[in-house]
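As structure tokens, the structure follows; a few thoughts come after it.
Quick caveat, the model's predicted, so the values are computed rather than measured. One-based numbering along the sequence shown.
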Amino acid sequence: MQFKFTCFLLLFSSTFLLAQKSEYNTLSIADSLKENANAVVRLNQIDITISSQRNMTIKNKRVVTILNEKGLGAAEAKEYYSKTSSVKNIEASVFDGLGLEIKKIKRKDFKDQSAVSGSTIFSDDRIIYLDYTPTQYPFTIIYESEVESSNTAFIPQWYPLSDYFVSVEKSVLNVNYPENLGFKKMESNFSNFKINKTVDTATQLSYTATAITAQKEEDYSPGFNSIFPKVMMGLENFHLENVDGNAKTWATFGQWYSDKILSGTTELPEETKLKMKTLVGDVKDPIKKAKLIYNYVQQKSRYVNISVGIGGWKPMSAADVDRLGYGDCKALTNYTKALLNAVDVPSYNTILYGSSRKRNIESDFVSMQGNHMILSIPDGSNYVWLECTSQDTPFGYQGTFTDDRDVLIMKPDGGEIVRTKMYQDKDNTQISQGTYSLSETGFFSGKVTIVSQGSQYNQKAPIENFQPTDKEAYYKAYWDNINNLKINKISFSNDKEYIRFTENAEINAVNYGNISGNKMMFVVNGYNQIAGNIKRIRNRKNPFEIQRGYADSDEIAITLPPGFSIEFLPDNFELKSKFGEYKTEIIKKDANNLIYKRTMFLKKGSYSNKEYDEYRLFIEQISRNDNAKTILTKNL
């Protein structure tokens, strides 16, 4: 009996061990890779096989240990597909912290849905993704997929490190391609990372990255693409949307795109063309015509989002947008272009990276790039830029989603790299004028008018369309220096002609003036304080960047409570730095009236990691002065 029992235990142990993936036991992860990590990529292997100009297969095996809830996104278990690409295989397995398999997930268990909810015209564009809710942490996901596509224009970029707070044990890229397609690559940001190029021949390319520790996201760091390692890849001879193409130069690429992809997409019904001609009437100036057309598009159409990588670069036809009244960025841009064509105004489809963090088209690497499309209208030696997805953006205004970056303009005679509008620091203004009074009990009652232009217009204009509760929440956060804030009235004026947004506010608060004995203390700057929350970062690694500068100017009339005398007024203050300038002045008009003046000018710029502390101290000095207090004494 003892012998049989022992055999049973050995059999059970063997079976148990076979059901485990010992290499995925979380205990085997090096401590250095767990530090600052929400997830650890144990293996990410991408095998790209380009068999011809019209065929590419991408196989992906990704093994990720998720350490906590914040790391769930690191699984990246999703694929897009459409008429020109198909998901040949997709599956996953889940293992617990000891490497014991707890779930197998087949294709039927993945969610499969349209890439655009509520839209039928894009029903061929879909996403399949894993929607897994863990019951415990840590756990490990093994995800495998195979996608085949006829669009060889989009070779995935390789990011061995895909996000902050994610570490990497091993990441591998293997690419195989025919010699005659003009394969090209561009490596970026490899220094300080363990990346080896293991193969680089006329038909093969391979990289291996190992032991990359998790990177902490440091405030004011440049964009992800400027810091993390990546490899961009492309073909000079590729295939897109059932058309062979060439991308040897931007000029040839742009001409091909205009001739082969955009051709035929701007046709409109004669009725619509006549309507546009009637709309512009006798107007001759092309920019004034464009303004009328842009206003028409904003009133008629709405934007529907199509995820990056879906829908290709070929817009749906302008006639379909005209009929349906909606489209994605490509469709609405192309529709606006078609309407402008009808009234003899030339315009060009323009490709860029749309993001509040500026990112350039890599001008030295001719390839399919970008995630957004806008329209450019020639205006002498400059361009007027139109964001065709917005129903609110003023004509010709570029907000922080598309400003100040290199873009690709698709002209009929070729592509051209151009920079979009850059707002000078001094033009990003916020001008505040107002009053407030204090009662004998410290009760604050004030009115202020705030006028914003430049990039600050972009930040303020959306408030107008907030729901009432969201507006109140916004202003309570904006004036979080005022305790017990009550917003009595808020009104707006949105001047889209001069691109100027005005806020008019009436507010009050109890106990703004803090009374102790026969003294009252209050902060002079009531309306526009810098909080001074620049985080101290010891041993900072990254350079830092101020993406946009601005110029604030405040002038506030203050009425002091009757029966009090001024015991202490803060000194006038001035600060100059490489980062900008700051100045405050308090003018005593009489015993009960003050004028508070403040100017703050911040410069955009790029700086080394060593200069970060200097910037932090600059802001802290401003914050302290913004919080400077006046002391009043009650007359006895």
Side-chain angles (χ1 to χ4, degrees), residues 80-85 113-127 151 240-243 257-281 283 286 288-351 354 370-377 384-395 410 412:
Y80 295 105
Y81 66 99
S82 65
K83 289 185 292 186
T84 57
S85 63
Q113 66 184 45
S114 171
V116 186
S117 61
S119 174
T120 56
I121 198 165
F122 300 115
S123 58
D124 289 323
D125 303 314
R126 301 187 66 81
I127 180 173
N151 282 348
L240 175 68
E241 303 292 344
N242 300 315
V243 180
Y257 184 72
S258 295
D259 292 346
K260 301 296 185 181
I261 301 298
L262 295 180
S263 179
T265 62
T266 55
E267 297 300 322
L268 286 169
E270 289 301 321
E271 179 185 354
T272 300
K273 293 180 185 178
L274 181 61
K275 190 175 183 179
M276 293 305 102
K277 290 174 182 176
T278 303
L279 177 65
V280 301
V283 175
K288 290 181 179 177
K289 286 184 186 180
K291 198 169 189 177
L292 292 167
I293 298 292
Y294 184 68
N295 183 60
Y296 173 83
V297 172
Q298 286 188 310
Q299 292 181 15
K300 175 181 172 61
S301 64
R302 65 183 176 88
Y303 169 69
V304 294
N305 177 52
I306 297 183
S307 301
V308 176
I310 296 297
W313 269 23
K314 186 178 180 69
M316 64 189 274
S317 73
D320 281 339
V321 180
D322 191 57
R323 175 173 54 87
L324 295 166
Y326 62 78
D328 70 345
C329 64
K330 299 182 297 297
L332 294 178
T333 296
N334 207 54
Y335 177 56
T336 307
K337 175 186 173 69
L339 297 178
L340 290 172
N341 286 346
V343 295
D344 301 317
V345 176
S347 60
Y348 310 122
N349 302 63
T350 302
I351 303 294
N371 63 3
H372 189 52
M373 184 181 284
I374 59 176
L375 196 66
S376 53
I377 302 172
V384 173
W385 309 95
L386 299 185
E387 174 54 77
C388 300
T389 62
S390 172
Q391 294 173 306
D392 301 305
T393 299
F395 175 83
M410 299 296 198

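When every heavy atom of K314 is checked against every heavy atom of I261, the shortest pair comes out as NZ-O, 3.0 Å. I293 and T336 make their closest contact through CG2-O, 4.4 Å (heavy atoms, listed as atom of the first residue, atom of the second, distance).
Residues in residues 337-346 take part in no side chain to side chain donor-acceptor pair (under 3.5 Å) pair, two or more places apart or across chains. For residues 261-274, the pairs satisfying salt bridge (charged side-chain N to carboxylate O under 4.0 Å, His left out) are E270-K273, with sequence neighbours left out.
Of the possible donor and acceptor atoms, none in the side chain of S263 sits under 3.5 Å from a partner among the backbone N and O of K260. Side chain of Q113 to backbone of I127: no donor-acceptor contact under 3.5 angstrom is found.
Inspection of the N151 and T84 side chains reveals an N or O donor paired with an N or O acceptor under 3.5 Å.
Once rounded to the nearest 0.5 Å, the distance linking OG1 of T272 with CG of D322 reads 3.5 Å. Atom OH of Y296 is separated from atom OH of Y335 by 4.5 Å, given to the nearest 0.5 angstrom. Atom CG of residue N334 and atom OG of residue S317 lie 9.0 Å apart, to the nearest 0.5 angstrom.
Under the side-chain contact (heavy atoms from CB on, under 4.5 Å) test applied with L262, the options T265, D259, T266 reduce to a single match, T265.
When the ring-ring contact (aromatic ring centres under 6.0 Å, His included) test is applied to Y348, no partner is found at least two apart in sequence or on another chain.
Summarising the local packing, NZ of K300 is surrounded by more than 12 heavy atoms from other residues, nucleotides or ligands at distances under 6.0 Å.
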